[in-house]
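Let me begin by presenting the structure, written as structure tokens, before commenting on it.
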Amino acid sequence: MHPEPELAAVIGTTLCRATPSAALAGVFGYTIIDDVTSPGLKGEDSVELVMAGGIGIEEHWRESTGDYDRSLYLTYHARSKGTDTFAPIGPWVVTPDEVANPDDLAVRAYLDDELVLEDSTANLTFAVGDVLSHLSHSMTLVPGDIVHFGTAARPAAPERFPTIRSIDLTRYGCTVSIEIDGLGRLDSTVNRIPMVINHPY
């Protein structure tokens, strides 16, 4: 289980088929979210589909790497990102007039006050307005909806934590803190308890 420090937008007005500029204008405010992720649960909830010969992989999401490449991999993120206590958010919402540019905010994550991840929303693949616009062409966003934009997180202590997945919260730390410039700091306590899973099947 590892942290993923992310910027989140709280929607303030209904957005349907909005342009990027209209989508930005429809943001009520910005906040911090930790998109806590469990690769272990992700692995349990992933399946491999082996396509029959003659069915092209290219027709199903990705380019083929050769004649014998027939596997498609599907992952259901409900548990790996949506388990109880995952996705802490806050501690408050900052209005857009206080955020000069949501696409250029420094992001830092700490494990017990040790800086472990740092980056900038400037390094995200898609701009905030573009993401909101794209979503609004598939689903209407309504006031109170929260959208987060992916992880901007490069290792800040590579000798100890060379990747984001190496920051395993089941092994390290008691507090995860995320800072985003202008938005404040979100502190989350990590409590380790034994987990017993009784599958109903």
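Predicted, not measured: the structure shown is a model, and the values here were computed from it.
Phe28 and Val131 fall into different hydrophobic clusters, where Ile, Leu, Val, Met, Phe, Trp and Tyr are joined by side-chain heavy atoms under 4.5 Å apart, directly or via other members. When hydrophobic clusters are built by joining Ile, Leu, Val, Met, Phe, Trp and Tyr residues whose side-chain heavy atoms come closer than 4.5 Å, directly or via intermediates, Leu15 is not grouped with Val142. Follow the hydrophobic side-chain contacts under 4.5 Å out from Val36 and you never reach Tyr110; the two are in separate clusters. When hydrophobic clusters are built by joining Ile, Leu, Val, Met, Phe, Trp and Tyr residues whose side-chain heavy atoms come closer than 4.5 Å, directly or via intermediates, Ile164 is grouped together with Leu169.
At most 12 non-hydrogen atoms from other residues, nucleotides or ligands lie less than 6.0 angstrom from NE2 of His134. In this structure, Arg165 places its CZ atom where only 12 or fewer heavy-atom neighbours from other residues, nucleotides or ligands lie under 6.0 Å away.
Asp104 places no side-chain N or O within 3.5 Å of a backbone atom of Asn101 that could act as its donor or acceptor partner. Remark: side-chain polar atoms of Thr189 are not paired, donor with acceptor, to backbone N or O of Thr175 under 3.5 angstrom. Checked by atom type and distance alone, the side chain of Thr121 pairs as donor or acceptor with a backbone atom of Leu105 at under 3.5 Å. Looking only at distances, no side-chain donor or acceptor of Trp92 sits under 3.5 Å from a matching main-chain atom of Gly184.
For the atom pair Leu135 CG and Ile11 CD1, the distance stands at 8.5 Å (nearest 0.5 Å). In this structure, CD1 on Ile33 lies 9.0 Å from CD1 on Ile178, to the nearest 0.5 angstrom. Expressed to the nearest 0.5 Å, how far CZ of Phe149 lies from CG of Asp35 amounts to 12.5 Å. Between the CG atom in Leu7 and the CD1 atom in Ile32 there is a gap of 9.0 Å [rounded to 0.5 Å]. With values rounded to the nearest 0.5 angstrom, Arg17 atom CZ is found 8.5 Å from Ser136 atom OG. Rounding to the nearest 0.5 angstrom, the gap separating the OG1 atom in Thr163 from the NE2 atom in His2 is 8.5 Å.
Using a 4.5 Å cut-off on side-chain heavy atoms (C-beta onward), Val190 and Cys174 make no contact. In this structure, Pro3 and Ile167 have side chains that are in contact, with non-hydrogen atoms separated by less than 4.5 Å. Using a 4.5 Å heavy-atom threshold, the side chains of Val107 and Ser120 count as separate. Within the 4.5 Å cutoff, the side chain of Leu132 has no heavy atoms near those of the Asp130 side chain. Inter-residue side-chain proximity for Val176 and Leu111 is flagged as met; some heavy-atom pair is nearer than 4.5 Å. Looking only at side-chain heavy atoms (C-beta outward), Met139 and Leu141 come within less than 4.5 Å of each other. Using a 4.5 Å heavy-atom threshold, the side chains of Leu24 and Val128 count as touching.
Ion pair Asp119/Arg108 not flagged as a salt bridge, since none of the NZ, NE, NH1 or NH2 atoms sits closer than 4.0 Å to an Asp/Glu carboxylate oxygen. A salt bridge between Arg185 and Asp113 is present, with a side-chain N of the basic residue lying under 4.0 Å from a carboxylate O of the acidic one.
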- request: Step by step, work out the side-chain contact (heavy atoms from CB on, under 4.5 Å) result for Ser166 and Tyr172.
  value: CA-CA 10 Å; Ser166 63; Tyr172 301 110; over 6 Å; no
- prompt: Should Arg154 and Leu117 be marked as a side-chain contact (heavy atoms from CB on, under 4.5 Å) after you check the CA-CA gap, both sets of side-chain angles, and the distance that decides it?
  reply: CA-CA 5 Å; Arg154 295 180 180 175; Leu117 299 168; over 6 Å; no
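When all heavy atoms are compared, the tightest approach of Leu183 to Thr31 is CD1-O, 3.7 Å. In terms of heavy-atom proximity, Pro96 sits nearest to Val27 at CG-O, 3.3 Å. When all heavy atoms of Asp34 and Glu4 are compared, the pair lying nearest together is OD1-N, 2.9 Å. A pairwise comparison of heavy atoms in Val10 and Ile146 identifies CG2-CG1, 4.2 Å as the closest pair. Residues Ala18 and Ser133 share a closest heavy-atom pair of O-OG, 2.6 Å. Residues Pro155 and Phe161 share a closest heavy-atom pair of CB-O, 3.6 Å.
With hydrogens and angles left out, the side-chain atoms of Ser177 and Asp187 include a donor and acceptor closer than 3.5 Å. The closest side-chain donor-acceptor pair between Glu98 and Tyr30, if any, does not fall under 3.5 angstrom.
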